[in-house]
Amino acid sequence: MVANINPAQVPQTRKLAVSDTEVAIEIINMNKWYGDFHVLRDINLKVMNGERIVVCGPSGSGKSTMIRCINRLEEHQTGRIMVDGKELTNDLKKIDEVRREVGMVFQHFNLFPHLTILENCTLAPIWVRKMPRKDAEEIAMQYLARVRIPEQAHKYPGQLSGGQQQRVAIARALCMNPRIMLFDEPTSALDPEMIKEVLETMVDLAESGMTMICVTHEMGFARQVANRVIFMDQGQIIEQNTPVEFFENPQHERTKLFLSQILH
Amino acid sequence: MSEHVSAYVSQRELPRLPAPRSEAGLIATLRKNLFATPYDSVVTIVLGIFVVWLAWNLIEWGILTAVFTGANREACVPAEGQVIGACWAFVNAKMGQFIYGLYPVAERWRIDLVHLLLVVFAVPLAIPSVPWKRLNALLLFAVYPIVALVLMTGGDFGIGGGWISFLFAIAAFVAIAVAGTSLQVSERYVRIATWLATAAIIVLFASNIVRSESFRVLGFEFTALSLVSTLLAFGSVAASVAASVTNNQRLKVLVAPVVMLAVILFLSADFGLREVPTHLWGGLSLTLVVAITGIAASLPLGILLALGRRSHLPAIKLLSIIFIEFWRGVPLITVLFMSAFMIPLLLPDGVTFNNLLRALIGVALFSAAYLAEVIRGGLQAIQKGQFEGAQALGLSYWQMMRFIIMPQALKLVIPGIVNSFISMFKDTSLVYIIGLADLLGTVRRGFADPAWITPSTAATGLVFAGFVYWVFCFGMSRYSQFIERRLETGHRR
């Protein structure tokens, strides 16, 4: 694990307004099983608008599964998940409504290899948001410029480096103008050199006030932008705190062990 | 020494030198590929001799000792001590039959026109650089089949109430689907439209069981129930229109029913063309009819079946599995025989099928089952991340399949799909079994003709038929490779 921004050196970014009344995501007593295996145990989490949360923990602790439940890529069995006031149930219409408002960035980018970068970014706005093609392309170019790769718009994903692909994936999610962004280990599949460019994009996004939940091992990023760090182990949230408290004064034995291993 | 080598650093830019003679040029290529070792040289020489021998025999049979002209078998019967190869005079004399079958000579221009239109519509569509792809595809896939049908049969179909209500019920379902895609739509009216369209189908099936007097409405033959069914379908369309909010949306909803109406009017119109019953069709034109309708119908059906088999809905999955395993488990000959007897039992009243149409359906369903499995193979090769990426963007199931999954899956299995098409193209010769004379059938009928019985007629006819099949299949194969290479660019760095 490469923690490429040293948390000790990074100053905390300026405090951004976090709403104390508007709830973006609320998870209540949520449980999930894979067959007999209890992967998520009694998860409770409330995320306010504008909050930036980093989820960390050892592999297999259920971090990814938890955030994948938020846009129903995984189904939960008991408990409730409310996203933007809509409860996730089997109702396909509700699920689609939630997915329109929640952008997701994956570990392996999941760009569509048969479409150009621009087409990757405009497909959903055109077909899901029913936006005219011209407007969609204009917006896509704005976001591609924001992640600093507008010149790659007409290439295919296979022609780009990993870091560039991940930035396209972020731009693609942003093109849907989501209210919440989920990041599922966005830098884990990248070379050290490329981690930085992706993290910079994410910091930029955080500073614009986007509600974000990031599963990541980049502790420097957590220190720099998160309002809250959540530590998960064996399918449970066992500690959550502000980054400063979390890193300097971890409460749980498991957290201390994890931090000692990750911040050599 | 080794230390010295490992520490070597180039001091200046070294010039690029031409490759040594053993690496480039004609002689080098020959040596590398054909005479690299003594064993290679022996194999090269033996195979070379075989190829020359084979080519010489073919040339001798097909050209040097062949007969090119002649009015009947006299020309091709060898005199004492004479060797006669291919009897091309036979192919020449029978060419009309090989292409048109028993289609009346005076009407053959209609077949020519159908073939010409096919080339005019299909070739530009197949060439990537030609513009207007959308219009072109519309002409080829929507307009052409109906025009070709009218041209080949003569049109003026006595379309009965059963057919009309069946077609309008389909149009009603399409209208519902179109209305449903809009974000703002009256759910209540959509539900009413769905109920009415379903009722239309049920009444249509009832009309198949309950016999009743038929009467004419607007020149069309209706039974009481088929009229009710048609009216229900109309009602459903009206409800779909009522469900839409904007005028633009209403127009879109009306497209399918209006097109269906135009099709019905076009098919029942009298263009003054003489009717040519399908039992007179034959030869290459029949082969093309069976093969092209088979390809055109089996690909979409195969896609739906492949999706159905991977569906999470148990009923759809089960039905798809049963369908696929049933059609894959029986020989095509059995399918053709069964289609002649079973399909009429399953259809509503007033809907009649002739022998050819049954064969077409049999071939299409048979081939769809094979294609479904090929396409399923492609679907399985698509990584889970592609599905998740599409879902996370809020794409619906059908949007995800249409824009993300299918383009990639189909591209992966182009070789398999074309393999199926080629094998189906050749399997069309089995329609001979149920009394239809396709290309191979007319050739076989040709050499049963007493006027052309000679020792070499059969061989010549079969070589000719084989060559024609080969040309079409090879063409498909080459085109598919072209498309593969063209689509490949997306991945290459």
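Chain A is the first sequence line, chain B the second, and so forth, proteins listed ahead of strands; every chain is numbered from 1.
Here the CG atom belonging to L395(B) is positioned 7.5 Å from the CE atom belonging to M176(A), to the nearest 0.5 angstrom.
In terms of heavy-atom proximity, H114(A) sits nearest to P407(B) at CD2-CB, 3.6 Å. Considering every non-hydrogen atom in both R402(B) and W127(A), the closest pair reads NH2-CH2, 3.7 Å. Among all heavy-atom pairs drawn from P113(A) and Q408(B), the shortest one is CG-OE1, 3.3 Å. Here the closest heavy-atom approach between residue Q391(B) and residue L73(A) is recorded as OE1-CD2, 3.3 Å.
Ranked by heavy-atom pairs under 4.5 Å with chain B, the list L123(A), N71(A), L182(A) is led by L123(A).
Checking R172(A), R99(A), R100(A) one by one against L393(B), the side-chain contact (heavy atoms from CB on, under 4.5 Å) holds for a single residue, R172(A).
Around CD of Q383(B), the count of heavy atoms belonging to other residues, nucleotides or ligands within 6.0 Å does not exceed 12. Other residues, nucleotides and ligands contribute more than 12 heavy atoms inside 6.0 Å of the CH2 atom of W33(A). In this structure, F323(B) places its CZ atom where more than 12 heavy-atom neighbours from other residues, nucleotides or ligands lie under 6.0 Å away. R188(B) CZ: 12 or fewer foreign heavy atoms inside a 6.0 Å radius. Residue K86(A) qualifies as enclosed at atom NZ: its count of foreign heavy atoms under 6.0 Å is above 12. Heavy atoms from other residues, nucleotides or ligands lying under 6.0 Å from CD of E87(A) number more than 12.
With a 4.5 angstrom heavy-atom cutoff, F112(A) touches chain B via backbone and side-chain atoms both. For R72(A), no part lies under 4.5 angstrom from a heavy atom of chain B. Contact annotation for I95(A): neither backbone nor side-chain heavy atoms come within less than 4.5 Å of a heavy atom of chain B.
Between the side chain of Q386(B) and the main chain of L111(A), a donor-acceptor pair closer than 3.5 Å is present.
A heavy-atom distance below 4.5 Å is found between the side chains of R68(A) and E388(B).
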